[in-house]
Undergrad: 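Please find one structure pasted underneath; my questions will follow.
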2 protein chains.
Amino acid sequence: MREQKLGTHDCIQLVPIFKQLTTVELQQVSAIVHEHVYEKGDVLFNAGDEADQLTIIAAGQAKVYQLAANGREQLLYLLQSGDFDGEAALFNPVIRTSYAEALVPTQVCSIQRSDFQALLAEAPQLALGILNEFGKRISQLEGKATSVTTSSIGGRLADYLVETAASFPAQTMFTLPLQKKEIAVYLGTTPETISRKLNEFQTAGWLKKGRGNQIAILDEDQLALQD
Amino acid sequence: MREQKLGTHDCIQLVPIFKQLTTVELQQVSAIVHEHVYEKGDVLFNAGDEADQLTIIAAGQAKVYQLAANGREQLLYLLQSGDFDGEAALFNPVIRTSYAEALVPTQVCSIQRSDFQALLAEAPQLALGILNEFGKRISQLEGKATSVTTSSIGGRLADYLVETAASFPAQTMFTLPLQKKEIAVYLGTTPETISRKLNEFQTAGWLKKGRGNQIAILDEDQLALQD
DNA sequence: TTACACACTTGATCCAAATCAAGTTTACTT
DNA sequence: AAGTAAACTTGATTTGGATCAAGTGTGTAA
């Protein structure tokens, strides 16, 4: 379950780049992890900051926004337990172009670049697993860039719903983790359009809306087919 | 200059992930490079293939397309001398979701995964430079995903023009390296729209169109401001 | 140089989604 | 439980760009 609190070890193992560590390596990494708790609304990091650490969400939720040149902002990720951000910072200093804010009280584990580099010098085989994971992330982002220019809003919303629903039992009602306004920003559209599309999907019998921000996916296959 | 033919050493050094190699390391990498020449229209690799090598363009040009679920295709990159693709394949087997085609006779250098892995085992410090480069690529892609959902077509075209013009002297006429149709696909729009937007920009006095596919940027700052 | 195919342009129309403008619900505060 | 502010929905209108349909260039090959 994504809601529960994670220990340092669990925390590290959830980060894909650390998934394949041996017990010994895991110990080594644990030794350089710091923990910190943020309150709701706290800023984990700001655009313009120099990033010098990897941040792992141990418990809670945080939103990561990217600022576009024209001042508009784009929700990049919704981070939950086990998600992480800033892994690029472990390898070289980068200036952040995004900022993150805690949605609820949130506990994070973090690893400083300097500590990590020292560790890497001692245990170079660590790097291989990380390289693997980076490769995957790149493919994923290429896919996203493609879908944004080739799919309609309806299609992207359908994808988002199916993806989000994946962490809940099939066919059951669940609460969307984001408000309509935020889903809208994430998908590059408006709350009104989200509202209308959800109605269309409900009329088509593909999902059912409940009170609050709850929905149940009834026909995942049809949704996924949405172009 | 991007048009000239590159030797094996030059070729490798142009790949960002190999930029910081020492002379000795460079020798090591050179030893595992293969060369190959493709004719215009030849396919360098196909969607569905299992990628098992890094491909570097030594001379020529190739287009890389991504196929979307609905059958539409999206031009991902235009590769020129020194550009490369498939670096993820060096770390683990991936099934390609894109395909690449030579635009003109094109010479490539390639490195097989197995060879590279063997080398990495011998010289683990190689991995650090690569990790760096991956981090940069990820930021770049995140930026692209953002711009696509937050900017208008006009803005994206303006960005594309400014970026493309950067490799030519300021204010001079140059030939666009892609046809309108291809620029259109790349930006997720249509040739008609590209045509109209270029006219708008010309009327605004920001650029000047010449015969063929030539243009000259007159006011880069205004173009860059386009939302 | 003429012919032909292809790229490009221009105009007319159409459509998905944004925007604008009220309502209505929901959830939070006291 | 009432009051309030925010989130959401619904409707009317507008609009950026796609699509469709002719044209007009442009480069190439005989």
Side-chain angles (χ1 to χ4, degrees), chain A residues 40-41 63 68 70-75 103-104 147-161 173-204 207-215 226-227, chain B residues 40-41 63 68 70-75 78 103-104 147-161 173 175-204 207-215 226-227:
Chain A
K40 176 180 172 175
K63 291 179 293 188
N70 57 13
R72 291 178 67 176
E73 53 183 29
Q74 162 77 25
L75 184 62
L103 271 175
V104 296
S147 90
V148 167
T149 47
T150 57
S151 307
S152 67
I153 292 291
R156 275 183 278 157
L157 174 59
D159 287 347
Y160 170 78
L161 292 175
M173 216 56 146
F174 65 93
T175 302
L176 290 168
L178 292 175
Q179 307 181 326
K180 300 258 158 64
K181 192 170 74 178
E182 314 221 69
I183 299 176
V185 173
Y186 181 61
L187 298 175
T189 180
T190 61
E192 292 95 325
T193 298
I194 300 283
S195 213
R196 290 184 237 268
K197 290 290 170 192
L198 283 179
N199 279 342
E200 281 177 38
F201 291 168
Q202 179 165 246
T203 305
L207 57 77
K208 200 161 145 36
K209 297 196 296 175
R211 71 192 326 277
N213 249 358
Q214 300 196 94
I215 65 161
Q226 270 306 93
D227 137 64
Chain B
K40 176 179 174 176
K63 291 179 293 187
N70 57 14
R72 291 179 66 177
E73 54 183 29
Q74 162 78 23
L75 184 63
L78 174 70
L103 271 177
V104 296
S147 92
V148 168
T149 46
T150 57
S151 308
S152 66
I153 292 291
R156 277 183 276 156
L157 174 59
D159 286 347
Y160 171 79
L161 291 175
M173 216 56 147
T175 302
L176 291 169
L178 292 175
Q179 307 181 329
K180 300 259 159 62
K181 193 169 72 178
E182 314 223 69
I183 299 175
V185 173
Y186 182 62
L187 299 176
T189 179
T190 62
E192 292 96 324
T193 297
I194 300 285
S195 213
R196 290 184 236 267
K197 290 291 170 192
L198 283 179
N199 279 342
E200 280 178 36
F201 291 168
Q202 179 166 243
T203 305
L207 57 76
K208 201 162 143 34
K209 297 196 296 176
R211 69 195 326 278
N213 248 357
Q214 301 195 91
I215 65 160
Q226 268 307 91
D227 144 66

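Values below: every heavy atom of this structure, side chains too, minus hydrogens, waters and symmetry copies. First the proteins, then the strands, lettered A, B, ... as listed; each starts at 1. Given the structure is predicted, the values throughout are model-derived calculations rather than measurements.
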Undergrad: Side chain of K209(A) only, heavy atoms from C-beta on: which candidate in dT9(D), dT26(D), dT9(C) is closest?
TA: dT9(D)

Undergrad: How far apart are the closest heavy atoms of F201(B) and G154(B), and which atoms are they?
TA: CZ-O, 3.5 Å

Undergrad: Looking at dG17(D), dA17(C), dA21(C), which one has an atom nearest to any side-chain atom of I153(B)?
TA: dG17(D)

Undergrad: What's the shortest heavy-atom distance between A184(B) and P191(B), and which atoms?
TA: CB-N, 3.5 Å

Undergrad: Does K197(A) put a side-chain nitrogen or oxygen below 4.0 Å from OP1 or OP2 of dA17(C)?
TA: yes

Undergrad: Would you say T193(B) reaches dA18(D)'s phosphate, i.e. side-chain N/O to OP1/OP2 under 4.0 Å?
TA: yes

Undergrad: Answer whether the closest heavy-atom distance between the side chains of N213(B) and K180(B) falls below 4.5 Å.
TA: yes

Undergrad: From the list dC8(D), dT19(D), dT10(C), which nucleotide is the closest neighbour of the side chain of T190(B)?
TA: dT19(D)

Undergrad: Any N or O donor-acceptor pair linking the side chain of Q179(B) to the base of dC6(C) at under 3.5 Å?
TA: no

Undergrad: Please find the pair of heavy atoms, one from I153(B) and one from L187(B), that lie closest to each other, and give the distance.
TA: CD1-O, 4.2 Å

Undergrad: Would you say N213(A) places a side-chain N or O within less than 4.0 Å of OP1 or OP2 belonging to dA7(D)?
TA: no

Undergrad: Considering only side-chain heavy atoms of T189(A), which listed nucleotide, dT10(D), dA17(C), dT9(C), is closest?
TA: dA17(C)

Undergrad: Write down the distance between CG (L176(B)) and P (dT9(C)), rounded to a whole number of angstrom.
TA: 10 Å

Undergrad: From CD of Q214(A) over to C1' of dT26(C), roughly how many Å is that when rounded to an integer?
TA: 12 Å

Undergrad: Within this structure, what is the CG-to-C1' distance between L198(A) and dT10(D), rounded to whole angstrom?
TA: 14 Å

Undergrad: Rounded to the nearest angstrom, tell me the gap between atom CD in E200(B) and atom P in dT9(C).
TA: 13 Å

Undergrad: Whole angstroms only, please: what is the NZ-P distance between K180(A) and dA6(D)?
TA: 18 Å

Undergrad: Could you tell me the separation between the CD1 atom of I194(B) and the P atom of dT19(D), rounded to a whole number of Å?
TA: 13 Å

Undergrad: Do T193(A) and L157(A) have side chains that approach each other closer than 4.5 Å (heavy atoms only, starting at C-beta)?
TA: no

Undergrad: Side chain of E192(B): nearest nucleotide among dA27(C), dA21(D), dA21(C)?
TA: dA21(D)

Undergrad: From CD1 of I215(B) over to C1' of dC8(C), roughly how many Å is that when rounded to an integer?
TA: 15 Å

Undergrad: Any idea which of dT19(C), dT9(D), dC8(C) is nearest the R196(A) side chain?
TA: dT19(C)

Undergrad: Starting at CZ of R211(A) and ending at P of dA7(D), how long is that distance when rounded to a whole Å?
TA: 17 Å

Undergrad: Can you give me the closest heavy-atom contact between K209(B) and Q202(B), atom names plus distance?
TA: N-OE1, 2.9 Å

Undergrad: With a 4.0 Å limit, can you tell me whether N199(A) has a side-chain N or O closer than that to the phosphate oxygens OP1/OP2 of dT10(D)?
TA: yes

Undergrad: Report the nucleotide, chosen from dA21(C), dG17(D), dC20(D), that has the shortest atom-to-atom distance to any side-chain atom of S152(B).
TA: dG17(D)

Undergrad: Closer than 4.0 Å, any side-chain N/O of K181(A) to the OP1 or OP2 of dC8(D)?
TA: no

